[in-house]
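Read through the structure below, which is laid out as structure tokens, and then see the notes.
Order of the sequence lines sets the chain letters (A, B, ...), proteins ahead of strands, with each chain counted from 1.
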Amino acid sequence: MKFSQIYAPTLRETPAEAEVVSHQLMLRAGMIRKAAGGIYTYLPLAWRVLKKIEHIVREEMDAQGGQELLMPIVQPAEMWQESGRWAVYGDEMFRLTDRHDRNFCLGPTHEEMITTLVRSDVRSYRQLPILLYQIQNKYRDEIRPRFGLMRGREFIMKDLYSFDKDEDGLNISYKKMYDAYTNVFSRCKLKFRPVEADSGAIGGSGSHEFMVLAESGEAEIVYCTSCDYAANVEKAELLPLDEISTGEKLPLTQVHTPNCKSIADVAKLLHIDKQQTIKSIAFETDQGPVLALVRGDHEVNEIKVLNKLNLINITMASEKSIIDDYQSVPGFIGPCGLPKKIKIIADVNVMKMINAAAGANIADYHLQNVNPGRDFAADIIADIRLIQENDPCPHCAMPVKKARGIEVGQVFKLFTKYSSALKATYLDENGKEKPMVMGCYGIGVSRTMAAAIEQNYDEHGIIWPVPIAPYQVVVIPVNSKDTNQVQLAELVCRQLNLHGIDSVWDDRNERAGVKFKDADLIGYPLKITIGPKSISEQTVEVKERKTGQIHFFSTSDYLENIIELLQKL
RNA sequence: CGGGGCGUAGCGCAGUUUGGUAGCGCGCUUGGUUCGGGACCAAGAGGCCGUGGGUUCAAGUCCCGCCGCCCCGACCA
């Protein structure tokens with residue numbers, strides 16, 4: 001392939017709209033162009049990468065017994081109304097009406113579509129399990145699309161849905177997908193980590209997210225340095241800590257603490273450690289006001305509070321709510337003497353504190369010698385704190401570390417949430433009707449492409465991992481006026497392609513520097529330079545994009561050497 | 001939706017304070033010289049200054065409305 005024939009308009013300067021590296025580099029490398037906010041055209045180079053990722057995904061899905069199908073993007077409202085999600089999904093769903101005023105949406109996901117399909121055709125346990133998947137555009141009208149392909153409104157997704165007769169079957173399907181995902185991201189040569197994830201309102205035991213490790217990742221994860229535990233911080237459970245305070249419970253006293261609105265201020269003024277204070281965070285929820293208590297040196301994990309209380313919505317309480325509902329004062333909230341309607345959820349470690357300091361619910365006052373149980377009662381005592389670096393691993397108690405990641409996949413046990421709602425049932429061995437037990441497993445394909453760049457780039461451009469590079473090799477004749485060089489470059493390129501190595505040669509009448517810069521920007525794993533020496537000494541110069549390492553191979557045996565190099569990379 | 005910023009040539013930007021003939025760099029076209037890390041010289045093409053209204057002799061610039069984009073937050077693959 002001649003580079004001049006590829007529609008890859010590279011840019012010397014970074015368009016102002018791009019913030020994150022993957023977005024900047026894909027625009028500059030002529031891979032994507034924006035059509036609207038969060039909606040992009042994939043130009044040929046990007047499309048080649050996407051097809052390679054999809055190919056790996058397909059092979060791994062098929063290897064686990066998955067069958068590919070294609071479902072509509074435009075979905076009728078009825079099935080969403082039946083599952084109850086037409087109302088729940090809210091503004092994030094792209095909705096449209098046809099000429100007869102019938103309601104449709106652009107599919108954000110396909111549980112409804114696949115479940116109504118399977119329910120109409122599957123009757124018997126003998127037909128299960130079934131693993132069906134699709135790769136296609138999905139749509140979410142994100143409040144704020146950003147980061148280029150990382151959070152678009154239209155994106156390419158692989159979703160596989162499993163249907164089993166019971167939970168044992170689901171566990172097997174789940175394991176298959178977990179393994180398949182591990183294979184997919186390994187084959188893409190990405191540094192990633194499967195982490196335990198929150199399974200949200202659906203509950204149940206199982207969900208893992210697959211995180212591509214990158215500084216720019218939106219998700220925070222913790223992992224153990226001595227065992228293989230890893231989790232999203234939202235999910236990470238915590239062992240109760242040792243008691244830190246001992247001694248006799250002293251009488252409750254009120255202290256003047258003007259302008260001390262933070263834990264740090266209070267601790268400083270009272271000459272105590274942050275560990276001896278109680279942090280009170282006020283929330284508004286669909287079940288009314290909830291006060292969450294953690295030790296002063298800890299943070300509240302909102303997701304845990306949400307799950308422990310079976311809530312749907314939780315937000316920080318407004319100042320108005322703190323005054324009206326809590327009858328308190330922002331900055332001076334505490335658990336003592338609140339109105340009865342305030343539900344108190346306390347972290348396990350708070351209940352072990354003795355003679356702590358907490359807000360007095362009066363402006364510029366705190367309470368000292370607060371003793372949980374004596375001075376306030378918690379409605380719920382649970383693990384609600386956010387894990388911190390060096391907290392003990394919940395599996396082996398060794399200190400955990402933190403990292404950032406980009407969520408590129410999630411495996412999820414749905415159980416019978418959708419099969420019950422949509423009546424996808426089968427007859428078991430005893431002729432009894434039961435709902436199918438489902439799982440869903442997604443991979444953000446277009447996001448994976450972006451994540452690969454976030455993890456592999458330098459100041460010159462992209463550094464593609466070999467398996468997903470748009471082309472593995474670029475061949476550059478240094479002097480485009482030198483017919484010998486040009487002819488050799490074309491020959492080398494043809495040879496490589498004949499041996500299954502995706503290659504281009506840069507036939508443009510440009511100075512060498514321009515061609516080198518574009519090659520680095522686009523990020524071919526290998527660059528072959530054809531210069532004067534290639535002609536006089538019959539050698540080619542091969543440079544590894546990632547390391548900059550240079551090899552010289554003879555024109556007689558470069559093929560074997562390049563094949564070997566590509567396998568090593 | 002709340003907070004902040006921006007819409008001027010394909011891209012990056014200046015010009016707006018103080019209204020008076022629309023500019024710079026890169027890219028693009030043509031010719032010449034160059035040719036191993038984004039060359040040089042010369043000559044060109046290219047803009048309803050996001051959009052609608054208003055003020056004015058005169059609006060890129062002042063006023064009002066609308067649209068779009070980017071960043072921070074709630075949401076998420």
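Using P as the reference atom, B:C35 and B:A39 are 13 Å apart when rounded to the nearest Å. Remark: the separation of the P atoms in B:C48 and B:G10 is 9 Å, to the nearest Å. Rounded to the nearest Å, the gap between the P atom of B:G25 and that of B:G44 is 15 Å. B:U61 and B:U16: their C1' atoms are spaced 4 Å apart (whole Å). Atom C1' of B:U30 sits at a distance of 38 Å from the matching atom of B:C70, rounded to the whole Å. The same atom, P, is picked in B:A59 and in B:G20; the two are 11 Å apart, to the nearest Å. When the P atom is compared between B:G46 and B:C63, the two are found 33 Å apart, to the nearest whole Å. Taking atom C1' in both B:G7 and B:G60, one finds a spacing of 12 Å when rounded to whole Å.
Not a single donor-acceptor pair, N or O on each side, falls under 3.5 Å between the base of B:G38 and the side chain of A:Glu510. A donor and an acceptor atom never sit less than 3.5 Å apart when one is taken from the side chain of A:Arg140 and the other from the base of B:C76. A donor and an acceptor atom never sit less than 3.5 Å apart when one is taken from the side chain of A:Lys533 and the other from the base of B:G36. Between the side chain of A:Lys543 and the base of B:G37, at least one donor-acceptor pair of N or O atoms lies under 3.5 Å.
Between the P atom of B:C13 and the CD atom of A:Glu17 lies a distance of 11 Å, rounded to the nearest Å. Whole-Å rounding puts the A:Leu11 CG to B:A9 C1' distance at 15 Å. Straight-line distance from the CZ atom of A:Arg144 to the P atom of B:G3: 15 Å, rounded to whole Å. A straight line from CG of A:Asp91 to P of B:C76 spans 13 Å, rounded to a whole angstrom. Going from atom CD of A:Glu234 over to atom C1' of B:C75 covers 11 Å, rounded to whole Å.
Taking CD of A:Glu407 as the start and CD1 of A:Ile221 as the end, the distance is 11.0 Å to the nearest 0.5 Å. Rounding to the nearest 0.5 Å places OG1 of A:Thr10 at 8.0 Å from CZ of A:Arg28. In this structure, CD1 on A:Ile463 lies 14.0 Å from CD1 on A:Ile522, to the nearest 0.5 angstrom.
Ring to ring, A:Phe516 and A:His460 are not that close: their centroids are 6.0 angstrom or more apart. Not less than 6.0 angstrom separates the ring centroid of A:Phe155 from the ring centroid of A:Tyr40.
As judged by a 4.0 angstrom heavy-atom cut-off over every strand, A:Gly148 is placed among residues making no nucleic acid contact. Residue contacts shown for A:Arg33 are absent, as no nucleic acid heavy atom lies under 4.0 Å away. Note on A:Thr14: only backbone sugar-phosphate atoms sit closer than 4.0 angstrom, heavy atoms only; bases stay farther off. At the heavy-atom level, A:Lys158 lies nowhere under 4.0 Å from the strands shown. Among the heavy atoms of the strands, none lies under 4.0 Å from A:Pro9.
For A:Gln410, counting side-chain heavy atoms from C-beta on, the closest listed nucleotide (B:G38, B:A77, B:C71) is B:A77. Nearest to the side chain of A:Lys34, among B:C72, B:C70, B:U34, sits B:C70.
Toward the 5' end of RNA chain B, the nearer of the two residues A:Glu142 and A:Ala36, judged by each one's closest nucleotide, is A:Ala36.
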